Chemist: 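Input: one structure, supplied below.
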2 protein chains.
Amino acid sequence: MPLPDFRESAGPLPCAGGKGNSIPEATVARLPIYHRVLTAMAEQGIITVSSEELATACGVTSAKLRKDLSYLGSYGTRGVGYEVEFLGYQIARELGLTSPWGVVVVGVGNLGRALVSYRGFASRGFRILGLFDSHPDVVGSTVAVVDRSFTVRPVEELAEVVADQGAHIGVITTPADAAQDIAERMVKAGLHSIVNFAPVVLNVPTDVEVRKVDLAVELQVLAFHEQRRKNPAGSVVTELDPQRSVSGDRKAMNA
Amino acid sequence: MPLPDFRESAGPLPCAGGKGNSIPEATVARLPIYHRVLTAMAEQGIITVSSEELATACGVTSAKLRKDLSYLGSYGTRGVGYEVEFLGYQIARELGLTSPWGVVVVGVGNLGRALVSYRGFASRGFRILGLFDSHPDVVGSTVAVVDRSFTVRPVEELAEVVADQGAHIGVITTPADAAQDIAERMVKAGLHSIVNFAPVVLNVPTDVEVRKVDLAVELQVLAFHEQRRKNPAGSVVTELDPQRSVSGDRKAMNA
DNA sequence: TAGATTGTTAATCGATTAACAATC
DNA sequence: TAGATTGTTAATCGATTAACAATC
């Protein structure tokens with residue numbers, strides 16, 4: 001039974017280098033939210049903010065926020081709060097958003113287009129270096145973004161662009177069945193960081209980090225909660241009816 | 001300083017009803033992966049799978065997988081493994097994917113279109129009941145999906161569709177500045193579950209659950225890791241150079 | 001100084017892991 | 001029976017929380 005040996009590089013690398021300077025992954029995952037909200041506040045002209053206010057705006061508790069920020073350093077002022085712009089900059093620096101990262105996007109369907117036209121990318125230090133697709137209908141067409149426009153190139157040119165322009169991050173927005181091939185091309189081209197939007201688990205070498213985004217997970221988690229809201233007991237038919245046999249369940253399965 | 005009091009309903013509700021039958025959130029978040037991989041295996045004609053094989057295919061450890069599955073019940077056979085189809089069905093049932101959930105999608109840009117045309121939705125028990133937009137250019141246009149096609153309706157008709165067709169879940173794929181208004185309309189229309197793809201934190205009543213999907217977070221987390229890969233010490237200029245003053249940092253900020 | 005708010009502590013909670021007894 | 005693999009245990013690890021001393 002030759003199972004396809006696909007296996008996602010399990011991931012998150014021991015977050016930082018050494019001892020006490022490592023930032024917990026849970027914190028890293030929240031920093032982008034803080035950063036976005038701080039940016040929005042700065043644009044509104046807000047100068048200072050307390051941990052309580054910022055936490056509320058980010059949908060977390062102030063204790064959690066202060067703990068998170070404490071890993072970055074002491075950027076607040078007791079009795080006063082945080083300077084919005086300054087704190088935003090520190091978070092950006094910590095996340096590595098102050099120097100630009102070259103990004104290549106493979107797969108120019110609706111999702112690829114949605115990503116490319118997302119203003120938040122450019123403003124956060126991500127620079128799209130190329131758009132690729134394997135479908136002849138799409139290759140050669142033009143995708144207009146805010147300030148630029150891209151001509152879609154054939155996937156064959158991926159390695160060339162990565163090498164010549166020094167891309168760092170690959171984004172996969174292809175259908176599921178194309179994703180593994182694209183991942184391999186990205187690895188061969190020398191990329192070590194991949195964001196995978198395709199609904200498959202990718203098999204890559206361990207020195208490559210894949211982050212997976214599943215557009216449907218949250219919907220499914222919500223379905224679970226909706227179901228629990230209606231039937232708080234859970235899947236507990238089993239518990240209430242010990243008579244119900246496994247074979248009974250199999251019938252339901254085929255119904 | 002009247003900060004907009006936006007605050008995301010902090011969320012995850014004490015996962016299940018009562019005592020021992022609650023499934024950890026971390027487990028719930030992984031069930032969709034297991035489900036998808038099992039579905040793929042079933043399509044390949046695979047009949048049984050061991051926790052080791054399935055775990056590898058899902059990119060988790062077998063210990064974690066078995067622990068996760070143990071919350072659902074005892075669906076494996078010692079010495080043998082799990083029946084692919086049967087286990088897939090049990091997970092689907094647990095997630096609430098066996099009976100259909102009505103979904104309304106507001107915001108018909110590239111992202112909205114990408115979501116609607118995602119085959120995985122229908123096959124997982126999600127039924128799209130309506131597509132909405134507020135932009136007159138888009139309203140009235142037609143979006144073709146695999147087996148159906150939708151006419152985009154004005155947001156004003158949202159409540160009507162939710163009421164008439166019994167929608168359960170709202171999906172927001174609008175630009176950031178429209179999202180809060182849409183969320184309020186959804187709440188008023190009677191929805192309790194919202195998936196928010198817009199890059200803002202929504203303010204909703206506590207009995208409404210918002211799940212946020214941020215297309216840019218993983219990219220930012222990767223940037224952080226890429227940076228650490230290059231400079232394993234971290235943002236440690238601070239630690240190495242106690243001389244560096246905060247004001248120096250402020251200069252860098254404005255550079 | 002008095003009031004406010006940070007940064008840190010220590011206790012709690014939940015999630016992960018390895019190992020193995022149960023059992024097919 | 002012997003070999004294989006589950007389901008569960010207990011130990012470890014990491015994340016959250018509340019409370020408060022430090023300090024603006």
Side-chain angles (χ1 to χ4, degrees), chain A residues 1 3 10-16 19-31 33-34 38 47-84 86-87 90-91 221 238 246, chain B residues 1 3 10-16 19-31 33-34 38 47-84 86-87 90-91 221 238 246:
Chain A
M1 198 183 304
L3 283 185
L13 329 169
C15 180
K19 332 279 132 78
N21 68 11
S22 91
I23 301 181
E25 277 299 317
T27 297
V28 173
R30 281 186 295 265
L31 291 180
I33 306 175
Y34 304 157
L38 285 165
I47 306 297
T48 23
V49 70
S50 70
S51 61
E52 190 61 47
E53 292 166 319
L54 181 55
T56 302
C58 295
V60 299
T61 64
S62 65
K64 192 185 271 185
L65 175 76
R66 286 200 303 278
K67 186 112 238 266
D68 284 341
L69 295 183
S70 76
Y71 292 111
L72 312 192
S74 292
Y75 296 129
T77 308
R78 288 168 203 242
V80 180
Y82 302 88
E83 268 192 53
V84 171
F86 182 61
L87 182 60
Q90 294 301 336
I91 293 177
V221 172
T238 309
V246 163
Chain B
M1 197 183 304
L3 285 186
L13 327 170
C15 180
K19 330 280 133 76
N21 68 10
S22 93
I23 300 181
E25 277 300 316
T27 296
V28 174
R30 281 186 296 265
L31 292 181
I33 307 174
Y34 305 156
L38 284 166
I47 306 297
T48 22
V49 70
S50 70
S51 62
E52 190 63 46
E53 292 167 319
L54 180 56
T56 301
C58 295
V60 300
T61 65
S62 65
K64 193 186 270 185
L65 175 76
R66 286 200 303 277
K67 186 112 240 267
D68 284 341
L69 295 183
S70 77
Y71 292 111
L72 312 192
S74 293
Y75 296 129
T77 308
R78 287 167 205 240
V80 179
Y82 302 89
E83 265 192 54
V84 171
F86 181 61
L87 182 59
Q90 294 302 336
I91 294 177
V221 172
T238 311
V246 163

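If you're wondering where the values come from, they're calculated on a predicted model, not measured in any experiment. So you know, we letter chains A, B, ... as the sequences are listed, proteins then strands, and number each from 1.
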Chemist: Does a side-chain N or O from A:Ser50 land closer than 4.0 Å to OP1 or OP2 of C:dT5, or not?
Modeler: no

Chemist: Nucleotide by nucleotide, 5' to 3', does protein get under 4.0 Å of the base (B), only the sugar-phosphate (S), or neither (-) in nucleotides 15-24 of chain D, counting heavy atoms?
Modeler: SSBBB-BBBB

Chemist: Between A:Tyr82 and C:dG7, is there a side-chain N or O to OP1/OP2 distance below 4.0 Å?
Modeler: yes

Chemist: Given that both pair distances must be under 3.5 Å and the pair must be Watson-Crick or G-U, what runs of three or more consecutive pairs involve DNA chain D?
Modeler: C:3-24 with D:3-24

Chemist: Could you tell me which residues satisfy salt bridge (charged side-chain N to carboxylate O under 4.0 Å, His left out) with B:Arg66, sequence neighbours excluded, listed by chain and number?
Modeler: none

Chemist: Roughly how many Å is it from CG in A:Leu72 to P in C:dT6, rounded to a whole number?
Modeler: 14 Å

Chemist: Under the side-chain contact (heavy atoms from CB on, under 4.5 Å) rule, what do A:Leu31 and A:Leu72 come out as? Steps first, then yes or no, please.
Modeler: CA-CA 10 Å; A:Leu31 291 180; A:Leu72 312 192; 4.2 Å; yes

Chemist: Using whole Å, what does the distance between atom C1' of nucleotide C:dT5 and atom CG of A:Leu87 come to?
Modeler: 14 Å

Chemist: Starting at OG1 of B:Thr77, measure out to CD of B:Glu83 and round the result to the nearest 0.5 Å.
Modeler: 7.0 Å

Chemist: Tell me whether the side-chain N/O atoms of B:Ser51 come closer than 4.0 Å to OP1 or OP2 in D:dT5.
Modeler: no

Chemist: My understanding is that only residues two or more places apart in sequence, or in another chain, count here; which of them pass side-chain contact (heavy atoms from CB on, under 4.5 Å) with B:Lys64?
Modeler: B:Arg30, B:Val60, B:Thr61, B:Asp68

Chemist: Show the numbers, then the answer: is there a side-chain contact (heavy atoms from CB on, under 4.5 Å) between B:Leu69 and B:Tyr75?
Modeler: CA-CA 8 Å; B:Leu69 295 183; B:Tyr75 296 129; over 6 Å; no

Chemist: For the pair made of CG in B:Leu69 and P in D:dT8, what is the distance, rounded to whole Å?
Modeler: 11 Å

Chemist: Which atom pair, heavy atoms only, marks the closest approach of B:Ser22 to B:Tyr71?
Modeler: O-CD2, 4.5 Å

Chemist: Mind running side-chain contact (heavy atoms from CB on, under 4.5 Å) on A:Leu54 and A:Leu87 for me, showing each step along the way?
Modeler: CA-CA 11 Å; A:Leu54 181 55; A:Leu87 182 60; 4.0 Å; yes

Chemist: Nearest 0.5 Å please: distance from the OH atom of B:Tyr34 over to the OG1 atom of B:Thr27.
Modeler: 7.0 Å

